[in-house]
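Remember, it's 1-based here, ligands and their atoms both numbered in the order they're listed.
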Amino acid sequence: MKTTNPAEWKGILVVGEINNCRVQPVTLELIGKARELKASCPAVGDTAVVLIGSGLESAAAEVASSGVDEAILVDHAETALFNNDLYAAVLQELITARKPSVVLFPATARMQDLASMLGIRVDTGVAAHCVDVRINEKAEILAVVPAFGGKVLGDILCPGHRPQMATVKPGVFRASLAETASKAKVTAFDAAVVLQAKKKTSRLLALDNSVCAMPAGIPVEAAPVVVCGGWGMGSRENWQLLEELAALLGGAVGCTRPAVDEGWVEGESRMIGTSGKIVRPKVYIGAALSGSSHHVCGMKDSGLIISINSDEKAPIFEVSDIRVVGDAKQILSGLIEKIRRIRSGK
Ligand SMILES: Cc1cc2nc3c(=O)[nH]c(=O)nc-3n(C[C@H](O)[C@H](O)[C@H](O)COP(=O)(O)OP(=O)(O)OC[C@H]3O[C@@H](n4cnc5c(N)ncnc54)[C@H](O)[C@@H]3O)c2cc1C
């Protein structure tokens, strides 16, 4: 890996995520963080967001009023569908031309793929799944990631290479809301030469979304109430108690990593934490989970946090508003029965 001269690199570039021509909230969250970094250290330079797609007018209007300094559009028929090879080539061209000091990506399935591919192409490192991004007085980024099973948080620095790249999960930061009515400068980036060259090697004919169909019910990140279970639930049968309680409260069931590994929950779409979803429900009920930092990162900003654990020293109690010490199965069964009784008027 060759070193670069940091002085030649300036600005913060957010790579925007778009689905069906709509700007995804994580894009505005990263713009918010980029503005915050610039406010902390103006020497880092201006903020920009790049949108890649086709027919980007309304998406451009949306990001232009988010407080970002510049919206860069790569708007071509060939970039209508996400194609990691093509998008990476376009971004490589943009980065070479603009030399941004920092590039922030959403840690979504598509963008993580893109970030790692781009890291190799532009010869720099990527800090993945960051739970925070800070900046020092030298305009160096400190990408904060959980390490050693989530027991400590580590700062990743990239002092000798540019750009400094990081991926951050949706929901980690608050979305950017511009305080002024000023609009971003909108610039078109002409990627025609790259696209022409890539035409010979890479062409996406269609995208099959059926394999990533969402599970039924309210997505865990949108639910007002989340009933989350952990390894201590013990069995698939006991897991049903969480489903019953969530249904009664109009909420969704979330889970920790071991529940996915045990097969009590299918896939990771309901897993909460650094490698799962970030949730901020009005009420979070955590049952039989210890409160590892990997999990807590994903739920600590919930409104009211209620935890049930048989161990009175469980770390989850440190971030809980209401602590219930006892057997989760018994407590959940009792709660479900009580709610049913109240609702039936008996
Ligand atoms: C790189 C990396 C990323 C990770 N990402 C995530 C992530 O995104 N999300 C995530 O959740 N994990 C993640 N993990 C795993 C994480 O570190 C923990 O191992 C996991 O969160 C622990 O899950 P748990 O609390 O369900 O299980 P445990 O830590 O085993 O806790 C079980 C708890 O249940 C309690 N208990 C047992 N029986 C009962 C009972 N009958 N009634 C009440 N309480 C009971 C116990 O006292 C204990 O506190 C990650 C790990 C790594 C290495």
Side-chain angles (χ1 to χ4, degrees), residues 26 106-109 112 116 126-132 143-156 166-172 219-221 223 226-246 252-281 284-302 305-320 322-336:
V26 66
T108 55
Q112 287 181 116
S116 49
V126 181
H129 278 189
C130 301
V131 294
D132 198 5
V144 184
V145 292
F148 298 109
K151 291 189 174 56
V152 294
L153 291 176
D155 289 344
I156 297 183
T167 75
V168 184
K169 291 195 81 62
V172 170
V220 75
E221 64 274 28
V226 170
V227 181
C228 186
W231 184 78
M233 288 305 294
S235 69
R236 197 187 288 271
E237 292 69 44
N238 293 347
W239 197 262
Q240 283 311 312
L241 294 169
L242 303 168
E243 301 283 357
E244 277 180 54
L245 183 60
V253 173
C255 68
T256 59
R257 160 63 70 194
V260 177
D261 296 343
E262 292 291 332
W264 302 334
V265 178
E266 202 181 314
E268 293 183 355
S269 65
R270 297 195 171 276
M271 187 171 87
I272 295 169
T274 47
S275 354
K277 297 282 166 61
I278 307 289
V279 299
R280 290 192 184 93
Y284 166 98
I285 303 173
L289 54 89
S290 59
S292 70
S293 68
H294 280 123
H295 179 71
V296 169
C297 277
M299 48 62 72
K300 64 180 180 350
D301 295 326
S302 304
I305 300 178
I306 305 169
S307 299
I308 308 164
N309 199 300
S310 52
D311 175 6
E312 62 179 0
K313 293 201 172 79
I316 191 67
F317 286 150
E318 289 166 25
V319 295
S320 303
I322 298 176
R323 305 161 186 85
V324 184
V325 179
D327 176 62
K329 192 179 159 198
Q330 275 181 15
I331 290 158
L332 291 170
S333 306
L335 193 56
I336 290 166

Quick one: which ligand 1 atoms are inside 4.0 Å of a heavy atom on [X]?
X	result
G230	26 (O)
D311	47 (O)
D327	40 (C), 41 (N), 42 (N)
G276	8 (O)
G273	7 (C), 8 (O), 9 (N)
S275	3 (C), 4 (C), 5 (N), 6 (C), 7 (C), 8 (O)
H295	11 (O)

If only atom types and distance count, is the side chain of [X] paired as donor or acceptor with the main-chain N or O of [Y] below 3.5 Å?
X	Y	result
R323	F317	yes
S310	D327	no
K169	G276	yes
N238	M233	yes
R270	K277	no

field: Non-hydrogen atoms of C297 and I278 that approach each other most closely
entry: O-CD1, 4.0 Å

task: Grab the two heavy atoms, one from I316 and one from S307, that are nearest each other, plus how far apart they are.
output: CG1-OG, 3.3 Å

query: Do E221 and R280 meet the salt-bridge criterion of a basic N to acidic O distance under 4.0 Å?
result: no

Between ligand 1 and [X], can you find any atom pair, the residue atom being a heavy atom, that is separated by under 4.0 Å?
X	result
G326	yes
K329	no
G298	no

query: How about V265 and W239: do any of their side-chain heavy atoms sit closer than 4.5 Å?
result: yes

With a 4.0 Å heavy-atom cut-off (strictly under), which part of [X] contacts ligand 1: side chain, backbone, both or neither?
X	answer
I272	backbone
P258	side chain
S292	side chain

message: Please report whether ligand 1 has a polar contact with A314, defined as an N or O pair separated by less than 3.5 Å (distance criterion only).
response: no

message: Any nitrogen or oxygen of A328, side chain or backbone, less than 3.5 Å from one on ligand 1?
response: yes

message: Among E262, E268, H295, which residue satisfies the side chain to side chain donor-acceptor pair (under 3.5 Å) criterion with R257?
response: E268

- request: Out of S310, G234, G286, indicate the one that has the non-hydrogen atom closest to atom 44 (N) of ligand 1.
  value: S310

